[in-house]
Amino acid sequence: MLSSEASMQVPPLAYIHTRMNDEIIDGLRAFLRDEQILTADEDLDVYSFDGTAMLHQKPRCITLPETAAEVSRILALANAENVPVVTRGSGTGLAGGSVPVDGCIVLCLVRLDKIVELDAKNLVMVVEPGVLTGTIADTASAAGLFYPPDPGSIKISTIGGNVANNSGGLRGLKYGVTRDYIMALEVVLADGQVLHTGSKCVKDVAGFSLRDLFIGSEGCLGVITKVTLKLIPQPASKKTMLALFDSMTAAAATVSAIIESKIIPCTLEFLDRVTVECVEGYAQIGLPTDCEALLLMEVDGHAAEVDEQAEQILALAKEGGAREVRLAESADEALRLASARRTAFSALARLAPTVVLEDITVPRSELARMVALIEDVGRRHGVKVGTFGHMGDGNLHPTFLCDERDEEEMHRVEAALQEVFDGAIELGGTITGEHGVGLAKKPFLPAQLGEVGIAMLRRLKDSFDPQGILNPGKVFD
Amino acid sequence: MSDSELNLLRDLDYSVVQQCMHCGMCLPTCPTYATTLLERSSPRGRIAMMRAIADGRRELSRSFAEEMYFCLGCLACQTACPAGVNYSELFENARAEVERQGLLDTPKRKRIRRWTLRWLFVERTRLHLLGRLLRLYQRSGLERLVRASGLLRLLPASLRELEPLTPRISRRFTAPLHARSVDPPSPRYRVALLSGCVQDIAFADTNADTIYALRQNGCAVRLPDDQACCGSLHAHNGDGEMARDLARRNIDAFAPDTVDAIIVNAGGCGSHMKHYDHLLADDPKYAERAKTWSEKVKDIHEFLAEIDFRAPRAGCGVDQVTYHESCHLKHGQQVSEAPRQILRAIPDLDLVELVEADWCCGSAGIYNITQPETSMRLLDRKMGHVRNTGVRVVATGNPGCVIQLQHGGQREEMDVDVVHPISLLAAAYRGEGEKS
Ligand SMILES: Cc1cc2nc3c(=O)[nH]c(=O)nc-3n(C[C@H](O)[C@H](O)[C@H](O)COP(=O)(O)OP(=O)(O)OC[C@H]3O[C@@H](n4cnc5c(N)ncnc54)[C@H](O)[C@@H]3O)c2cc1C
Ligand code: SF4
Ligand code: SF4
């Protein structure tokens, strides 16, 4: 019985792997073209990082399979030789999930980029994992359908990466996250076997839902080679609004008020002054740079309902102390605003060479407190912070602006981070809402999950990948 | 400093290399990444390679050099980058270092480079000479003879493909055309025009149209006699020294403090000329004047939009047009709306938007010569989109793009005319006389 913590102690998974060597590379050459295997110094350099600050490690080689069958053969070989494999999509992850481990094979899936099927009868699309999220959204839209998850990186992230990280986006509040649109997966297991899990059926309870285990598994349990996505009808109408505030807490309180009044906008995004300045510096679309907080809000649905909700929201923002509220005049303007918002993270890099981005999420009633806590921590440690995020989801991205070459400053950043994580957990929140754990959040996971949580993760990992060749050392040890 | 210590990438201000935070937002806009799906052919990958060199972790290699010449220098990545990475500076320094170390040198390549960068594209008299020779070849019937004789088959396939890319040489170069119209009696602005290299010998009419449109808008137009090539070809191909030399010559020839604006109608030239201040920042004698110069350089569309150009009262004889954005106009200068504004101002002319209008056509300076295969692939992609518009006239603001798109039309056996937007505007102004 798992009644006490003590009985659940599972020791860290200490794998002993073989380093990739020339013979194994020859083994790969038996079924891949030379051009699909990269070993040049320059290539090892450019695949040694993802979108995360400060993390890099060179792999031993990079493979570019073009079919699921090739993926299966690569894994079978790696498993037989006991060599670690790190799966990679576009490398935009923000937790170091696709940063290689020493001596590994990188399995880069961008060439598995076919849309297999758009089944409008069942509102379903079947795609390979390297298809870009934006391509999926555009293809659905061209057929009058809607694929809602839209991470800031939508134009370049792959669906495989989205599934592996269970990515969110700007529409999470009303439409949920990637998980809510996954009907079935094809997964190549560590030993090369192919697993099909889930179906096109709206209801399916045949066996445990293995499918759900792979969503958010960060490349540690299997390699996703096909994704069956759920699509929904396009909303008939939408409206986009801006509200400007002179204090961050007023903006946070307004978000809580909107949610409390039972309106579910599809988008409720927040940017602080530092972030707005950077975004405007890049996009130049006339955002005001003298307000403390900006809310970008969107409602969609039937025209009448949309009009009514937009009015209610604008009124609530005014009541909440907004200095100015504004309705986007055209679809073009709405698009410009959303696109500008998506650049927030990268735009912050205008201010400092190193941008350490966090991803904490708290219950939405605690937003004002969390925002105040971040401000306070930044001030006390003398670190510049820009905060933005999916406020409607309670998901904030405090971003620490620093220079990794300044050791003393990096210590202050570390101390500040620790306090932010502790604060989030104390408020009933989580250390990561959508970016995943990877390497960046690994040290902080035990504090949130506890002994039992970590022990179960270890057992799960062990049963899917006994030799631990898949993305070893990520998420937990 | 010993030669081994000298390295243009290591000497760069480190903050330029460090600015890239590897988010990948530029990847979907990069034509070479779209072609290979390899990180090394992406902006993020290229910058990472440069950083490894700047950090002293790697030496320049042949494979790095090749990658830098596979890059189009189209600067789409710079437009896409929210972090404000100055890719153009990184790119020019990287190519310059490749040339300094002679990594790609072969006797033939050296010969071609010397001939083009150090001889031909230096003095306009030399270009004029070549222009006259080509004109003779094209108009004497010799060209038809050579083409019919099958002599071209002796060339390797990649070069044979390029022969039709030689532009048709104009009957007259720019200078005599300057006198075709006259300055307004009491001008609002005094401007000077860069006649350009290719523009001058192959598209002199575009220059004449530019002069006409400027004069229609109250500008007195000067055409400095002793102007030189702008130097963009040199800067983009790793010859910084010659680029600086040409910049100095032009500053002398144009005397920037004597005019309100220096007008350029070639996107590639304008983009480079706006950076003379940067190029000559360390030159005590020229730094100040280079700053004035950079402030005054304007693309023709940009300038006309700024001075609230007069909308023509007549049409231009064309009823539908689509617009292809020259990379160095759009990404190098962020001039994107002004040309469209001009086209929309022409009565009875319908502007049909082109899909991927700001995607490189594969011309990219001399890319169609150095990387013919990729260049043609990009051209086919572009022509496919042009075909889908169903429009017969493509407007674009850079001579290199005009030549490339004309070639695309021939390749695909499509009936398309490629024109400079200003030529349509000038035609509309000219039509006013006929109408009244
Ligand atoms: C500017 C910017 C904005 C962003 N905005 C958001 C946002 O709004 N919301 C959000 O949630 N995230 C956001 N992200 C983070 C990131 O884009 C997402 O995590 C995305 O899903 C990663 O996709 P990718 O293709 O780049 O995957 P990668 O970074 O290459 O990989 C991510 C993880 O997935 C694993 N993986 C990839 N493909 C597979 C596969 N086929 N099978 C198994 N495992 C696989 C990798 O091993 C790794 O652990 C943003 C990133 C950037 C740079
Ligand atoms: S160049 Fe800019 S957009 Fe591209 S990866 Fe670097 S920071 Fe991101
Ligand atoms: S300049 Fe063009 S080809 Fe070169 S990296 Fe940038 S987008 Fe790619």
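So that the names make sense, note that chain A is the first sequence line, chain B the second, and so on, each numbered from 1.
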Take a 6.0 Å sphere around [atom1] of [X] and say whether it holds more than 12 heavy atoms from other residues, nucleotides or ligands.
{"X": "B:His278", "atom1": "NE2", "answer": "no"}
{"X": "A:Glu329", "atom1": "CD", "answer": "no"}
{"X": "B:Glu306", "atom1": "CD", "answer": "yes"}
{"X": "B:His275", "atom1": "NE2", "answer": "no"}

Subject >> Choice from B:Gln19, B:Met25, B:Met21 maximising heavy atom contacts with chain A below 4.5 Å >> reply: B:Met21
Rounded distance (nearest 0.5 Å) linking atom [atom1] of [X] with atom [atom2] of [Y]:
{"X": "A:Ile156", "Y": "B:Tyr33", "atom1": "CD1", "atom2": "OH", "value": "5.0 Å"}
{"X": "B:Leu38", "Y": "A:Leu64", "atom1": "CG", "atom2": "CG", "value": "6.0 Å"}
{"X": "B:Thr29", "Y": "A:Lys155", "atom1": "OG1", "atom2": "NZ", "value": "9.5 Å"}
{"X": "A:Ser90", "Y": "B:Leu37", "atom1": "OG", "atom2": "CG", "value": "9.0 Å"}
{"X": "B:His22", "Y": "A:Thr92", "atom1": "NE2", "atom2": "OG1", "value": "12.5 Å"}

Given the options [options], which has more heavy-atom pairs under 4.5 Å with chain B than any of the others?
{"options": "A:Ser153, A:Ala53, A:Gly91", "result": "A:Gly91"}
{"options": "A:Asp43, A:Val46, A:Leu351", "result": "A:Val46"}
{"options": "A:Ser157, A:Ala349, A:Ala344, A:Ser346", "result": "A:Ser346"}

Original post:
Contact part of B:Cys81 toward chain A, heavy-atom cut-off under 4.5 Å: side chain, backbone, both or neither?
Top reply: backbone
Original post:
Can any side-chain N or O of A:Tyr282 pair as donor or acceptor with the backbone N or O of B:Ala83 at less than 3.5 Å?
Top reply: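 No, A:Tyr282 side chain to B:Ala83 backbone: no donor-acceptor pair under 3.5 Å.
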Contacts under 3.5 angstrom, residues 106-114 of chain A side chains, donor-acceptor by atom type, not counting sequence neighbours:
from, atom 1, to, atom 2, distance (Å)
A:Arg111, NH1, A:Glu35, OE2, 2.9
A:Arg111, NH1, A:Glu66, OE2, 3.2
A:Arg111, NH2, A:Glu35, OE2, 3.0
A:Arg111, NH2, B:Thr36, O, 3.2

Please state whether the side chain, the backbone, both or neither of [X] comes within less than 4.5 Å of a heavy atom of chain B.
{"X": "A:Thr52", "result": "backbone"}
{"X": "A:Leu94", "result": "neither"}
{"X": "A:Leu348", "result": "neither"}

Original post:
Less than 4.5 Å apart, any side-chain heavy atom of B:Gln334 and any of A:Gln284?
Top reply: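 Sidechains of A:Gln284 and B:Gln334: no contact.
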Original post:
When only heavy atoms count and the cut-off is under 4.5 Å, which of residues 41-50 of chain B reach chain A?
Top reply: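 Contacts with chain A: B:Arg44, B:Gly45, B:Ala48, B:Met49.
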Subject >> Single hit among B:Arg40, B:Arg51, B:Arg58 for salt bridge (charged side-chain N to carboxylate O under 4.0 Å, His left out) with A:Asp45 >> reply: B:Arg58
